[in-house]
**Student:** 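Take this structure first; my questions come after.
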Protein chains: 2
Amino acid sequence: MSDVPSNDPLAALPGYVLRRAANAMMAELASRLGAIDLKISDASVLLLIAGRDDMTSSEIGKVLDIQRANMVPLLNRLEAAELITRQPLDRKSQAIVLTPEGRTTLGEVQSITHQFEADLLARIPDADRPHFMPALRALID
Amino acid sequence: MSDVPSNDPLAALPGYVLRRAANAMMAELASRLGAIDLKISDASVLLLIAGRDDMTSSEIGKVLDIQRANMVPLLNRLEAAELITRQPLDRKSQAIVLTPEGRTTLGEVQSITHQFEADLLARIPDADRPHFMPALRALID
DNA sequence: TCCAGATAGCTATTGACTATAGCAAAACCG
DNA sequence: CGGTTTTGCTATAGTCAATAGCTATCTGGA
């Protein structure tokens with residue numbers, strides 16, 4: 001109905017709006033996670049290995065789309081913060097395991113994440129909300 | 001119903017899926033624009049100043065969310081490719097204007113973009129498609 | 001008219017993140 | 001066994017955005 005004239009011709013392009021929305025949301029999440037000194041990728045690792053003690057660096061990278069080489073500084077950071085430890089599985093592989101402190105931080109991450117996701121969904125009109133995830137999933141191979 | 005077990009606990013998080021979808025789509029668009037040696041930000045500038053001859057660097061940056069400082073190398077690149085020129089508006093400001101070659105390239109950009117947006121929407125199930133843009137718009141302030 | 005403050009364009013630098021190549025050691029498998 | 005693959009890592013380079021600061025110019029109110 002009463003559309004504010006956005007005078008931005010790109011606002012009609014789904015790809016452009018998708019990128020804008022993702023950027024805005026990730027900036028918001030990064031800001032919230034900053035309160036406990038974690039980056040988004042840090043938090044996603046913690047969430048992924050929650051309740052597990054058998055995932056290797058390589059496996060985590062495959063799931064999260066982070067290359068092996070780039071997992072190293074990330075895990076070093078988490079290890080330096082004493083949130084995870086590296087535990088040998090055999091003489092080559094090692095499991096990434098939460099420390100007790102890591103488990104505490106995981107709780108905070110889950111709390112922040114849960115609130116963030118709820119706030120995100122709350123911004124979407126009721127009629128559109130059920131269609132949000134299916135639409136996005138369809139875009140991911 | 002029959003959900004394929006993705007064994008990725010993050011797949012249930014809207015924010016995470018949003019980021020993944022945006023990344024996948026932007027990688028696809030970047031690849032297509034690479035065929036005419038343009039980056040996504042290059043193309044968005046061309047699309048924005050299409051049919052106008054009065055937008056300054058600062059104004060373009062405000063609309064596209066690109067900081068003044070970062071507009072400089074971007075416009076230098078487009079100018080070096082002879083797609084735009086800088087035309088003085090007064091002794092301080094200058095309009096960014098498409099060259100004839102820029103207008104030709106703009107046509108290619110519009111063609112690629114149009115096809116990309118169509119392909120993107122085509123991947124979304126019919127039932128969800130009408131809800132895609134409204135949902136995303138709601139996430140952008 | 002004049003001056004303070006805002007604005008435009010730019011330089012230079014930095015940090016975050018990602019991508020690539022390569023390596024040694026270990027594991028895997030026919 | 002022995003060739004191939006995998007794992008974790010180093011080192012490096014490229015992309016991109018953010019910050020601070022500078023000069024010249026424009027603008028609006030006293």
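Residue numbers begin at 1 in each chain, while the letters A, B, ... track the order of the sequences. Keep in mind that this is a model prediction, so the values were computed, not measured.
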**Student:** What's the verdict on side chain to side chain contact (heavy atoms under 4.5 Å, CB included) for B:L136 and A:Y16, showing C-alpha distance, side-chain angles and the deciding distance?
**Tutor:** CA-CA 10 Å; B:L136 290 180; A:Y16 180 76; over 6 Å; no
**Student:** Test your reading of the model: is there a side-chain donor-acceptor pair from B:T105 to the backbone of B:E101, 3.5 Å cut-off?
**Tutor:**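 It does hold such a pair.
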**Student:** Would you jot down, in residue-number order, the residues of residues 64-74 of chain A having a non-hydrogen atom under 4.0 Å from DNA chain C?
**Tutor:**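 Close to the strand are A:Q67, A:A69, A:N70.
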**Student:** Is any side-chain N or O of B:R77 closer than 4.0 Å to OP1 or OP2 of D:dC16?
**Tutor:**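 B:R77 to D:dC16 OP1/OP2: no side-chain N or O under 4.0 Å.
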**Student:** Shorter than 3.5 Å, N or O on both sides, protein versus nucleotides 4-7 of chain C: list them out with atom names.
**Tutor:**
| from | atom 1 | to | atom 2 | distance (Å) |
| --- | --- | --- | --- | --- |
| C:dT7 | O2 | B:K92 | NZ | 2.5 |

**Student:** Take A:R32 and A:D119, measure what salt bridge (Lys or Arg N to Asp or Glu O under 4.0 Å) needs, and give me the verdict at the end.
**Tutor:** CA-CA 12 Å; A:R32 296 195 190 188; A:D119 291 348; 2.9 Å; yes
**Student:** For the hydrophobic clusters of this structure (ILVMFWY residues joined by side-chain heavy atoms under 4.5 Å, transitively), does one cluster hold both B:V72 and B:V97?
**Tutor:**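 No: no chain of side-chain contacts under 4.5 Å links B:V72 to B:V97.
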**Student:** What residues in residues 18-36 of chain B put a non-hydrogen atom under 4.0 Å from any atom of DNA chain C?
**Tutor:**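 Those residues: none at all.
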**Student:** Does a nitrogen or oxygen in the side chain of A:R86 sit under 4.0 Å from OP1 or OP2 of D:dT7?
**Tutor:**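 Answer no for this pair, as no side-chain N or O of A:R86 is under 4.0 Å from OP1 or OP2.
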**Student:** In Å and rounded to the nearest 0.5 Å, what is the CD to OG1 distance from B:Q94 to B:T85?
**Tutor:**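 Spacing of CD (B:Q94) from OG1 (B:T85) equals 9.5 Å.
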**Student:** Side chain to side chain contact (heavy atoms under 4.5 Å, CB included) for B:D53 and B:Q87? Distances and angles first, verdict last.
**Tutor:** CA-CA 9 Å; B:D53 62 349; B:Q87 292 188 358; 5.9 Å; no
**Student:** Rounding to a whole Å, what distance do you find between A:D90:CG and C:dA27:P?
**Tutor:**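 Atom CG in A:D90 sits about 5 Å away from atom P in C:dA27.
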**Student:** Less than 4.0 angstrom from a charged side-chain N to a carboxylate O is my criterion; do B:D54 and B:R52 meet it?
**Tutor:**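 A salt bridge is present here (some side-chain N lies under 4.0 Å from a carboxylate O).
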**Student:** Separation of A:L89 atom CG from C:dA25 atom P, in whole Å?
**Tutor:**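 It works out to 21 Å between those atoms.
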**Student:** Between CG of A:D126 and CG of A:L121, what distance do you get to the nearest 0.5 Å?
**Tutor:**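 If I round to the nearest 0.5 Å, the distance is 11.0 Å.
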**Student:** Measure from CG on B:D42 to P on D:dA17 and round the result to the nearest Å.
**Tutor:**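 That distance rounds to 11 Å.
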**Student:** Under 4.0 Å between any heavy atoms, over every strand shown, what does B:T56 touch: base, sugar-phosphate, or nothing? Just pick one.
**Tutor:**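 Sugar-phosphate contact only - B:T56 comes under 4.0 Å of backbone atoms but never of a base.
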**Student:** For A:L75 and D:dT10, give me the distance from atom CG to atom C1', rounded to whole Å.
**Tutor:**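 In whole Å, D:dT10 C1' and A:L75 CG are 15 Å from each other.
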**Student:** Can you measure from CG (A:L46) to CD1 (A:I84) and round to the nearest 0.5 angstrom?
**Tutor:**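 Rounded to the nearest 0.5 Å, the CG-CD1 separation comes out at 8.0 Å.
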**Student:** Taking all heavy atoms of B:T56 and all of B:I96, pick out the closest pair and write down the distance.
**Tutor:**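 The pair with the smallest heavy-atom distance is C-CG1, 4.2 Å.
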**Student:** Return the value, rounded to whole Å, for the distance between atom CD1 of B:I40 and atom P of D:dC16.
**Tutor:**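 Between P of D:dC16 and CD1 of B:I40: 9 Å.
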**Student:** What's the separation between atom CG in B:L29 and atom OG1 in B:T113, rounded to the nearest 0.5 Å?
**Tutor:**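 Answer for the CG-OG1 pair, B:L29 versus B:T113, is 6.0 Å.
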